[in-house]
Amino acid sequence: MSSHQGNLKIYNSLSGQKEKFEPIQTGFVGMYVCGPTLYSEPHMGNMRTFINFDMIFRYLLQLDYKVKYVRNITDAGHITNSAGDEVDSIGKAAKSEKMQSLEIVYKYNVKFQELQRIYNLLPPSIEPTATGHIQEQIEHIEKIIENGFAYVVNGSVYFDVKKYSEKFEYGILSGRKVDELAEETRTLNAQGEKRFFADFALWKKANPEDMQIWRSPWGNGNPGWHIECTAMSTKYLGNHFDIHGGGMDLKFPHHEDEIAQNCGSLGCTPAKYWMHANMLNVNGQKMSKSLGNFFLPKEIVEGTTALFDKPYSPNVIRFFMMQAHYRSNLDFTQDALNAAEKGFSRLSDALQLIDKLTVSPTSSFDVKDLITSFYAAMDDDFNAPILIANLFEAAKRINLINDGKDTITKEDLSLLSTEMNRFLQDVLGIEIGVTNSDSKLAPVMDLVIDLRQQARDNKDWSTSDKIRDGLATAGIVIKDTKDGTSWS
RNA sequence: GGUCUCGUGGCCGAGCGGUUAGGCACCGGUCUGCAAAACCGUCUACUCCGGUUCGAAUCCGGACGAGACCUCCA
């Protein structure tokens with residue numbers, strides 16, 4: 001077991017407090033995160049959640065936990081809206097794009113996989129699909145009915161919240177009380193089949209126009225929205241596992257209903273720790289499809305969104321996101337992104353300098369203390385912003401060593417190098433030293449820079465400045481340093 | 001209407017009872033033929049009004065403002 005295990009604290013949405021992380025089985029972690037619904041390309045807000053849980057996954061791995069990370073893919077449309085109408089989002093998209101449901105799902109899954117590569121997300125251990133687990137969903141529903149917490153009406157099955165409340169507490173995650181819910185949503189109670197307005201569908205009878213239909217003991221139909229996560233999480237992680245994550249907006253009803261289903265079928269809550277990542281905002285408002293204030297993860301990398309006048313690299317975006325805590329809102333603005341871009345280059349420059357430093361017999365500062373601070377930051381509920389602040393402290397030290405104002409021993413230097421790289425690249429998932437040098441352009445540039453240096457040596461300033469200005473017009477920036485001239 | 005979260009310096013964003021968060025910008029300096037870049041340094045803020053406390057951005061109450069959820073949502 002790693003010496004670093006055992007200090008981790010996680011904010012548990014279930015208790016509303018930071019708790020010491022104690023996995024159910026020592027050394028092992030089971031984590032389930034709600035993945036995308038593939039009826040369109042995931043937007044930047046969706047990506048933030050996945051990036052945050054990727055960071056969490058990565059840190060758990062760094063702590064030497066054996067992590068089984070399950071992130072599902074919702075490829076079955078099965079939603080009922082507030083008026084009780086069927087809104088099969090995937091089927092709807094399929095119709096408008098004149099495709100079959102599975103085509104739609106496949107199309108957007110390819111895009112999602114590409115985004116994961118672009119944004120450097122580690123692949124989960126398993127990415128199960130809803131359509132691949134219809135049988136398991138049906139079995140869960142049967143068990144819930146058997147236990148008396150669900151009823152069948154006209155080919156549909158509903159979860160019986162009132163019955164459930166007699167034995168369990170509905171609303172433990174979202175803090176909602178069944179009695180209060182009644183008052184709150186009185187206007188929304190338009191569904192005739194339900195016994196109680198808060199009951200939710202486990203299985204919905206098929207509509208004639210549905211594109212995807214499955215057989216069940218209750219007739220042809222579609223699984224309810226929440227049951228897929230219950231089926232897949234228990235199949236791959238067991239009845240009770242360590243961490244369940246997802247976006248804040250899934251807390252209610254999705255996660256609340258998952259808890260009810262798990263208790264209703266297996267008698268226990270699915271997860272020990274519930275983690276919720278906060279939303280991505282645009283101008284102070286949640287980025288969402290329905291509001292239309294979203295942009296795509298690829299657009300920002302390619303510079304094709306109207307919101308920003310230039311492209312940003314995926315590394316800069318990840319860095320920018322990591323500067324905010326996963327439980328905080330984050331506003332995407334051009335100024336903030338530019339600031340992150342500069343900050344990131346400062347950090348990455350320092351890291352690239354590390355191998356060129358000269359070592360001394362002693363270190364003038366406490367390197368181990370600094371490294372401990374990296375772990376301490378992440379151990380405190382994955383506080384990546386603090387980690388980054390500490391990495392900047394390390395970057396400053398590196399620069400001071402480079403200037404001869406600080407010293408470091410060989411051992412300390414190698415330790416610092418290892419740990420900085422570990423935290424920036426392996427934990428935060430931010431890659432550094434990605435050179436954009438064009439193989440054809442490089443030798444040409446070497447020649448041009450050489451010619452300019454000659455002119456400078458001859459104090460022929462007009463020629464050297466002409467070269468510099470000419471390159472600038474071509475979009476190439478010359479940087480003169482002590483050790484020579486570089487370009488980008 | 002109900003439940004909940006939040007309001008930090010020019011901007012982004014940590015902090016959760018006493019100690020410098022950090023980044024970007026600004027300003028000063030080093031370097032440089034000049035410039036840019038880079039590096040170093042400076043910059044001490046917590047919406048407002050009460051209260052608790054030796055001490056509050058941090059706890060409590062109130063006001064104002066913003067946002068999330070209340071069966072589409074990462």
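Predicted model, so just to flag it, every value in this text is computed and none were measured. A, B, ... follow the sequence lines: proteins, then strands. Residue 1 opens every chain.
Among the protein residues, A:G45 comes within range of the nucleic acid bases, having at least one heavy atom under 4.0 Å from a base atom. Within 4.0 Å (heavy atoms only), A:M47 reaches no atom of the nucleic acid at all. Residue A:L347 is out of contact with every strand shown, counting any heavy-atom pair closer than 4.0 Å. Nucleic acid contact class of A:D465 (heavy atoms, under 4.0 Å, all strands): base.
Of the candidate nucleotides B:rG41, B:rA74, B:rG13, B:rG41 has the atom nearest to the side chain of A:K396. For A:L400, counting side-chain heavy atoms from C-beta on, the closest listed nucleotide (B:rC40, B:rG22, B:rU71) is B:rC40. Comparing atom distances between the A:A339 side chain and each of B:rG23, B:rG13, B:rC69 picks out B:rG23 as nearest. With B:rU71, B:rC12, B:rA14 as the candidates, the nucleotide lying closest to the side chain of A:T333 is B:rC12. Side chain of A:H325, nearest nucleotide from B:rA36, B:rG2, B:rA14: B:rA14. For A:R456, the side-chain atoms get nearest to B:rU32 when compared with the rest of B:rU32, B:rC12, B:rC69. Here B:rA74 is the nucleotide among B:rC11, B:rC34, B:rA74 with the atom lying nearest to any side-chain atom of A:N46. Among B:rU71, B:rC12, B:rA74, the nucleotide with an atom closest to any side-chain atom of A:H43 is B:rA74.
A side-chain donor-acceptor contact under 3.5 Å links A:R48 to the backbone of A:M279. A donor-acceptor pair is defined here as one N or O able to donate and one able to accept, closer than 3.5 Å; no such pair exists between the side chain of A:N72 and the backbone of A:T129. Here the side chain of A:S464 pairs no donor or acceptor atom with the backbone of A:R452 at under 3.5 angstrom. With A:N458 contributing its side chain and A:Q454 its backbone, the two residues share a donor-acceptor pair below 3.5 Å.
With hydrogens and angles left out, the side chain of A:N338 and the base of B:rG23 share no donor-acceptor pair within 3.5 Å. One donor-acceptor pair, N or O on each side, does fall under 3.5 Å between the base of B:rA35 and the side chain of A:D480. In terms of polar N and O atoms assigned as donor or acceptor, the side chain of A:R468 comes within less than 3.5 Å of the base of B:rA35 in a complementary pairing.
We find that CG of A:L353 is positioned 14 Å from C1' of B:rA37, with the value rounded to whole Å. Rounded to an integer number of Å, the gap from CG of A:N329 to P of B:rG65 is 20 Å. In this structure, A:N281 places its CG atom 10 Å from P of B:rC69, rounding to the nearest Å. Regarding A:L337, its CG atom lies at a distance of 18 Å from the P atom of B:rG23, rounded to whole Å. Straight-line distance from the CD atom of A:Q323 to the P atom of B:rG23: 10 Å, rounded to whole Å. A:K466 has its NZ atom 19 Å from the C1' atom of B:rA35, to the nearest Å. If you take NZ of A:K177 and P of B:rU3, they are 11 Å apart, rounded to a whole angstrom. Whole-Å rounding puts the A:R176 CZ to B:rU5 P distance at 12 Å.
When the nearest nucleotides of RNA chain B are assigned to A:G343 and A:F320 by heavy-atom distance, the more 5′-ward of the two goes with A:F320. Ranked by how close their nearest RNA chain B nucleotide is to the 5' end, A:L250 and A:F344 are led by A:F344.
Aromatic ring pairs are classed by plane angle as parallel below 30°, tilted from 30° to 60° and perpendicular above 60°; the pair A:H226 and A:F200 is perpendicular. Taking the six-membered ring where the residue is Trp, A:F320 and A:F332 present perpendicular rings, their angle passing 60° and hence far from 30°. Taking the six-membered ring for Trp and thresholds of 30 and 60 degrees, A:F168 and A:F149 have ring planes more than 60 degrees apart, a perpendicular arrangement. Ring geometry for A:W274 versus A:H276: interplanar angle under 30°, hence parallel rather than tilted (30 to 60°). The aromatic rings of A:Y326 and A:F382 stand perpendicular to each other, their planes meeting at an angle above 60°, with 30° marking the opposite boundary.
Distance check on atom C1': B:rC46 versus B:rG13 gives 13 Å, rounded to whole Å. A distance of about 40 Å separates the C1' atoms of B:rA74 and B:rG18, rounded to the whole Å. The same atom, P, is picked in B:rC54 and in B:rA21; the two are 26 Å apart, to the nearest Å. The P atoms of B:rC6 and B:rA14 are separated by 12 Å, rounded to the nearest whole Å. Distance check on atom C1': B:rA57 versus B:rG9 gives 12 Å, rounded to whole Å. Rounded to whole Å, the separation between the C1' atoms of B:rG61 and B:rU19 comes to 29 Å. If you take atom C1' in B:rA56 and the same atom in B:rU47, they sit 16 Å apart, rounded to whole Å. Straight-line distance between the P atoms of B:rG17 and B:rC59: roughly 8 Å, to the nearest whole Å.
Side-chain nitrogen and oxygen atoms of A:K342 include none within less than 4.0 Å of the OP1 or OP2 phosphate oxygen of B:rC12. When the side-chain nitrogen and oxygen atoms of A:R346 are compared with OP1 and OP2 of B:rC39, one or more of them lie within a distance under 4.0 Å. Regarding contacts with the backbone of B:rA14, a side-chain N or O of A:S328 is found under 4.0 angstrom from either OP1 or OP2. Remark: A:N278 is not in phosphate contact with B:rA74, judged by side-chain N or O atoms under 4.0 Å from OP1 or OP2.
Consecutive Watson-Crick or G-U pairing (both distances under 3.5 Å) extending over three or more pairs maps onto RNA chain B as B:1-7 with B:64-70, B:10-12 with B:22-24, B:27-30 with B:38-41, B:47-51 with B:59-63.
For the pair A:R176 and A:F252, the cation-pi test (distance below 6.0 Å, angle within 45°) is passed.
Only A:N383, A:P385, A:I386, A:A389, A:F392, listed by number, bring a heavy atom of residues 379-394 of chain A to less than 4.0 angstrom from any atom of RNA chain B.
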Any chance you could lay out the side-chain contact (heavy atoms from CB on, under 4.5 Å) test for A:M322 and A:M55, step after step, and finish with the verdict? CA-CA 9 Å; A:M322 291 300 136; A:M55 172 273 288; 3.8 Å; yes
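Judged by ring centres under 5.5 Å apart and planes tilted less than 30 degrees, A:W461 stacks against the six-membered base ring of B:rG33.
Two rings, from A:Y39 and A:Y108, have their centers 6.0 Å or more apart.
Checking A:P297, A:P124, A:P123 one by one against A:Q116, the side-chain contact (heavy atoms from CB on, under 4.5 Å) holds for a single residue, A:P124.
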